[in-house]
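Heads up, the thing below is written out as structure tokens.
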Amino acid sequence: MPDFDILSDAFFADPYPTFAEMRRDAPCYYDTRLEAHILTRYRDVERALGGVEFSAERVDQWGKGAPDNVQDELAFFARELKRWIPFNDPPIHTRLRTRLGASFGPHNLPRIEQLTSSLVADGLDQLDPAGEVDLIRDFAYPVPSRILAALMGIPAEDIGRFKQWTVEIFTLIGAGVATEEAVRTGHRGIRAMRDYCRALIDERRARPQDDVVSALIATGTPDDPVTDDDVAGMVMTMIAAGHETTTYLIGNAIHAVMGDAHSRETVLGPGLAAEAVEEFARYDGAVFSIIRRARGDLTINGELVPQGAPVFCMLHSANRDPRVNRDPDRLDLARAKVTHVGFGAGIHKCIGSLMARAVVREAVQGLFERFPAAQPAGEVTWIRNLGLRGMATFPVRLGGA
């Protein structure tokens, strides 16, 4: 069987040639460093994400390779992460997701759209039209962060702290192999975020406001009370997963459009179709992979996946599978049928995709309407992370070349 290095800098810079080889030659590839099978074909990924043969409970995977001297920090990290919705199966998942859906769902869309329109415009106003900007730092990050903070009732001055904590948490989640540094970094981030959320919950219990945190607290009943652990887990899920993924999807989408003249013309046209966001999520989405565990012995493309074994579902490879999308390596904002798992699948499909779709559409169209000649101003820096796909830096010249 061929050997693939999916932890190299070259892979993270451009994973698609490797994914094409894996889909063709080793669609269920066992990686000895990750001690896991890597799924790269769409139907296999869809099966793992949406079916009952796999479990979402996998937080111990992120401790692989951790040295003995950080086991206490690792145990704390795992314990807190187990309170997050995406890392639970029913009935815990059902209970928590139902509560979150009652507090953050379609009924929030008018408020999301109002915030999006205002804060995208404000974000664009902050950019120097004659200068060079880091599009991630100066636009793609602050816009969704401010929207989410407003919905959650978090002071604007605390946004930067959440960014730092989220980066630290995903440093361990996406490390592949848990080094001492990655464990200590992840522990620092999740402890700080947990403590902040606990203080926020105490404040909202004492003085409820018109925000998602207060709404989550109010979902408790005498027969099924909502605990501080429940609320903290849901709030941390939304904050950590929500703004980071939306940031990367905005950046990836703008980067893709800048590299394709036809797509730029489409974006500059009269109204960007809602389906365009689905194509952005398919072509270069924000979530790189999702881990699942086999509930029993399974055979996938001739390979045995034993009970309890982890599999990495490579979303970016699945979305570029020519078996389900014609000409998959081309960005096509008019694609008639967009088949993708960019927002997950099954009962774990991203609950925040409602917000992501609204924000990404407005942000991409707004940027090119304001700066139609914007161009990359240098090499981008892709993050080294198995969980997320995005740029750490994205230098852009707003006035063009």
Side-chain angles (χ1 to χ4, degrees), residues 56-59 61-62 73-74 76-88 93 96-97 99-100 103-104 136 140-156 158-175 182-201 211-213 216 228-251 285-291 315 343-344 348-356 359 383 385-390 392:
E57 296 178 355
R58 74 275 194 187
V59 298
Q61 177 66 25
W62 296 306
E73 290 95 331
L74 188 61
F76 181 92
F77 184 88
R79 185 169 62 250
E80 291 303 318
L81 215 58
K82 284 179 181 178
R83 308 188 200 282
W84 294 22
I85 297 173
F87 308 126
N88 282 283
H93 173 271
L96 295 177
R97 186 170 175 118
R99 291 181 184 280
L100 183 54
S103 308
F104 182 77
I136 301 300
Y141 163 67
V143 167
S145 298
R146 291 174 65 192
I147 294 170
L148 193 57
L151 292 169
M152 304 294 286
I154 295 169
D158 289 343
I159 292 173
R161 299 164 72 186
F162 277 95
K163 169 65 174 175
Q164 180 63 35
W165 297 334
T166 301
V167 169
E168 290 173 344
I169 291 168
F170 276 98
T171 294
L172 179 52
I173 288 178
V183 173
R184 293 198 187 282
T185 300
H187 171 261
R188 182 171 62 245
I190 205 165
R191 179 180 284 278
M193 187 181 288
R194 191 280 308 262
D195 291 348
Y196 183 100
C197 289
R198 288 292 185 86
L200 180 64
I201 292 164
D211 58 37
V212 173
V213 176
L216 284 169
D228 286 355
D229 284 341
D230 290 337
V231 179
M234 289 185 281
V235 171
M236 291 170 74
T237 297
M238 285 196 61
I239 293 172
H243 83 267
E244 197 80 348
T245 53
T246 307
T247 290
Y248 290 141
L249 186 53
I250 291 172
V287 180
F288 198 51
S289 74
I290 297 174
I291 301 174
L315 274 57
F343 294 121
H348 290 278
K349 194 165 187 176
C350 177
I351 199 169
S353 61
L354 180 83
M355 179 183 126
V359 177
I383 61 172
N385 197 293
L386 282 174
L388 298 173
R389 168 74 174 168

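Met152 places a side-chain heavy atom less than 4.5 Å from the side chain of Val213. Within the 4.5 Å cutoff, the side chain of Met236 has heavy atoms near those of the Ile190 side chain. In this structure the side chain of Leu81 reaches within 4.5 angstrom of the side chain of Trp84, judged on heavy atoms. Using a 4.5 Å heavy-atom threshold, the side chains of Ile383 and Tyr248 count as touching. Looking at His348 and Ile290, their side chains never come closer than 4.5 Å, going by heavy atoms from C-beta outward.
Residue His93 comes nearest to Asn88 through the heavy atom pair CB-O, 3.3 Å, listed as atom of the first residue, atom of the second, then distance. Closest approach of Ala56 and Pro86 over heavy atoms only: CB-O, 3.6 Å. Shortest non-hydrogen contact noted between His243 and Ser145 is CD2-OG, 3.5 Å. The two atoms that bring Gly251 and Ala140 nearest to each other are N-CB, 4.2 Å, heavy atoms only.
Thr245 places no side-chain N or O within 3.5 Å of a backbone atom of Ala286 that could act as its donor or acceptor partner. Under the 3.5 Å distance criterion, the side-chain polar atoms of Thr171 are left unmatched by any main-chain donor or acceptor of Gly186.
How far CG of Asp230 is from CG of Leu100: 11.5 Å, rounded to the nearest 0.5 Å. One distance of note links CG of Leu172 with OG1 of Thr185; it measures 8.5 Å at 0.5 Å rounding. Here CG of Leu216 is found 7.5 Å from CE of Met238. Values are rounded to the nearest 0.5 Å. Residue Leu386 holds its CG atom at 5.5 Å from OG of Ser289, rounded to the nearest 0.5 Å. The structure places CG of Asp228 at 6.0 Å from CZ of Arg198, a figure rounded to the nearest 0.5 Å. Atom-to-atom distance recorded for Asp211:CG and Leu200:CG is 7.0 Å, nearest 0.5 angstrom.
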Apply the test side-chain contact (heavy atoms from CB on, under 4.5 Å) to residues Glu244 and Lys163: give CA-CA distance (whole Å), side-chain angles for both, the deciding distance (0.1 Å), then the verdict.
CA-CA 8 Å; Glu244 197 80 348; Lys163 169 65 174 175; 3.4 Å; yes
Test side-chain contact (heavy atoms from CB on, under 4.5 Å) on Asp158 and Tyr196 and set out the steps.
CA-CA 10 Å; Asp158 289 343; Tyr196 183 100; 2.5 Å; yes
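Evaluated for a ring-ring contact (aromatic ring centres under 6.0 Å, His included) with Trp62, the options Phe170, Phe77, Phe87 yield exactly one hit, Phe87. Put simply, the residue from Gln164, Glu168, Glu73 that forms a side-chain hydrogen bond (donor to acceptor under 3.5 Å, both in side chains) with Arg188 is Glu168.
Classified by interplanar angle (parallel below 30°, tilted 30° to 60°, perpendicular above 60°), the ring pair His187/Phe76 is perpendicular.
Residues forming a salt bridge (Lys or Arg N to Asp or Glu O under 4.0 Å) with Glu80 (at least two apart in sequence, or on another chain): Arg83, Arg194. Residues meeting the side chain to side chain contact (heavy atoms under 4.5 Å, CB included) test with Ala149, sequence neighbours left out: Ile154, Ile159. Partners of Ala356 by side chain to side chain contact (heavy atoms under 4.5 Å, CB included), not counting sequence neighbours, listed by chain and number: Thr246, Phe343.
Around atom NZ of Lys82, no more than 12 heavy atoms belonging to other residues, nucleotides or ligands sit under 6.0 Å away.
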